[in-house]
Amino acid sequence: SEWTFDILNNSKIGLWSVEIDENKPSRMYADKMMLELLGLEDRADTITPEETFEFWYNNIDPDYSDSVATVINRMINGSHAEVQYPWIHPKNGSSFVRCGGKRDFSYTKGIRLQGSHQDISEELTNPAHSRIDVSRHFLPARKIADFHLWLDTVSAPRFVRGSLHR
């Protein structure tokens with residue numbers, strides 16, 4: 001509805017769906033706000049889902065790529081998971097995002113994750129909006145990569161470096 005659209009836009013929340021199939025490039029389907037958050041609004045009619053995924057993934061701050069992969073693996077295993085990390089916006093430079101989602105088990109060709117992506121830069125960097133110390137705020141996200149949670153089962157697919165591996 002228009003009401004929902006306005007709330008998501010005013011909150012800078014984009015919606016996405018990622019499909020990760022074996023032996024195929026990962027794909028990201030993004031709504032209008034998500035494309036804007038990625039800086040891809042000018043390419044909305046021409047960019048492919050494969051290019052969208054690659055663009056998003058390649059602009060994750062490298063220090064946080066392991067944390068993002070860990071959270072993606074939690075989603076793959078059925079948990080709702082969320083991560084906050086710096087992301088390099090092509091026009092605005094470094095931004096801070098909150099990304100969360102869960103696996104859609106109705107998709108049977110591979111793995112589909114669905115979720116949201118929110119620009120939280122102002123929330124984290126503007127003292128009028130937050131009392132959060134940014135350096136301490138992201139420390140837990142870095143530590144997530146040190147935990148293997150319950151992902152060490154032999155048959156479970158793993159998300160590594162942008163694609164699915166067994």
Side-chain angles (χ1 to χ4, degrees), residues 4-5 7-9 11-121 138 141-142 144-145 148-166:
T4 304
F5 179 78
I7 291 171
L8 292 172
N9 280 347
S11 301
K12 296 184 182 176
I13 299 174
L15 303 178
W16 53 264
S17 179
V18 168
E19 293 176 354
I20 308 168
D21 302 339
E22 289 191 66
N23 303 317
K24 289 186 178 181
S26 298
R27 300 173 302 283
M28 175 180 275
Y29 300 90
D31 73 355
K32 183 178 178 180
M33 176 50 67
M34 180 68 181
L35 290 172
E36 185 177 319
L37 290 170
L38 295 177
L40 297 172
E41 63 276 14
D42 297 339
R43 297 179 57 196
D45 295 331
T46 59
I47 193 164
T48 67
E50 292 84 359
E51 291 169 329
T52 304
F53 178 86
E54 186 176 332
F55 185 82
W56 163 74
Y57 191 76
N58 288 337
N59 284 292
I60 295 169
D61 182 304
D63 289 342
Y64 291 83
S65 60
D66 287 344
S67 295
V68 173
T70 297
V71 168
I72 290 172
N73 282 313
R74 288 186 62 206
M75 289 181 211
I76 287 171
N77 286 309
S79 296
H80 178 275
E82 183 176 287
V83 64
Q84 297 174 1
Y85 57 92
W87 191 80
I88 311 304
H89 191 280
K91 299 170 189 164
N92 304 332
S94 188
S95 62
F96 297 100
V97 299
R98 176 183 300 125
C99 187
K102 189 170 182 177
R103 184 172 178 177
D104 171 9
F105 283 97
S106 69
Y107 183 74
T108 58
K109 296 177 186 175
I111 294 172
R112 178 185 290 149
L113 307 174
Q114 295 176 317
S116 63
H117 180 96
Q118 182 179 22
D119 182 346
I120 58 171
S121 301
F138 282 103
R142 285 179 187 231
I144 289 172
H148 294 289
L149 303 167
W150 52 85
L151 302 177
D152 289 328
T153 57
V154 175
S155 63
R158 302 286 300 266
F159 181 83
V160 180
R161 293 190 204 116
S163 62
L164 200 60
H165 298 271
R166 288 209 179 263

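- At least one donor-acceptor pair closer than 3.5 Å links the side chain of Trp16 to the backbone N or O of Ser116.
- Take Thr108 and apply the side-chain contact (heavy atoms from CB on, under 4.5 Å) test, not counting sequence neighbours, and it matches no residue.
- Interatomic distance, Ser26 OG to Ile20 CD1, rounded to the nearest 0.5 Å: 5.0 Å.
- Between Ile111 and Leu113, the shortest heavy-atom contact is CG2-CD2, 4.0 Å.
- The distance from atom CG of Asn9 to atom CG of Asp31, rounded to the nearest 0.5 Å, is 7.5 Å.
- Taking CG of Asp61 as the start and OH of Tyr85 as the end, the distance is 10.5 Å to the nearest 0.5 Å.
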Return a table of donor-acceptor pairs under 3.5 angstrom between the side chains of residues 36-46 and protein atoms on other chains or two or more places apart.
{"from": "Glu41", "atom 1": "OE2", "to": "Lys91", "atom 2": "NZ", "distance (Å)": "3.0"}
{"from": "Thr46", "atom 1": "OG1", "to": "Arg43", "atom 2": "O", "distance (Å)": "3.3"}

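- Scanning for side chain to side chain donor-acceptor pair (under 3.5 Å) contacts around Glu51 gives Thr48, with sequence neighbours left out.
- Note that OG of Ser11 and CE of Met33 are 9.0 Å apart. Values are rounded to the nearest 0.5 Å.
- With a 4.5 Å cut-off on side-chain heavy atoms, Leu15 and Met34 do not count as touching.
- Under the rule for a side chain to side chain donor-acceptor pair (under 3.5 Å), the partners of Asp119 that lie at least two apart in sequence or sit in another chain are Ser121.
- Distance alone, capped at 3.5 Å, is enough to place a donor-acceptor pair between the Arg103 side chain and the Ile76 backbone.
- With sequence neighbours left out, Pro62 forms a side-chain contact (heavy atoms from CB on, under 4.5 Å) with no residue at all.
- A distance of 4.5 Å separates CG of Asp104 from CD of Gln114, quoted to the nearest 0.5 Å.
- When side chains are defined from C-beta on, Tyr107 counts as touching Asp21, because their heavy atoms get closer than 4.5 Å.
- Looking at Tyr57 and Val18, their side chains never come closer than 4.5 Å, going by heavy atoms from C-beta outward.
- In this structure, Lys102 and Met75 have side chains that are not in contact, with every pair of non-hydrogen atoms separated by 4.5 Å or more.
- Shown here are the side-chain contact (heavy atoms from CB on, under 4.5 Å) partners of Asn58, two or more places apart in sequence or in another chain: Glu54.
- With a 4.5 Å cut-off on side-chain heavy atoms, Ile13 and Arg98 do not count as touching.
- Looking only at distances, no side-chain donor or acceptor of Glu19 sits under 3.5 Å from a matching main-chain atom of Gly110.
- In this structure, CD in Gln84 is found 11.5 Å from OG in Ser67, a value given to the nearest 0.5 Å.
- Ring planes of His89 and Trp87: perpendicular class, angle over 60° (limits at 30 and 60°).
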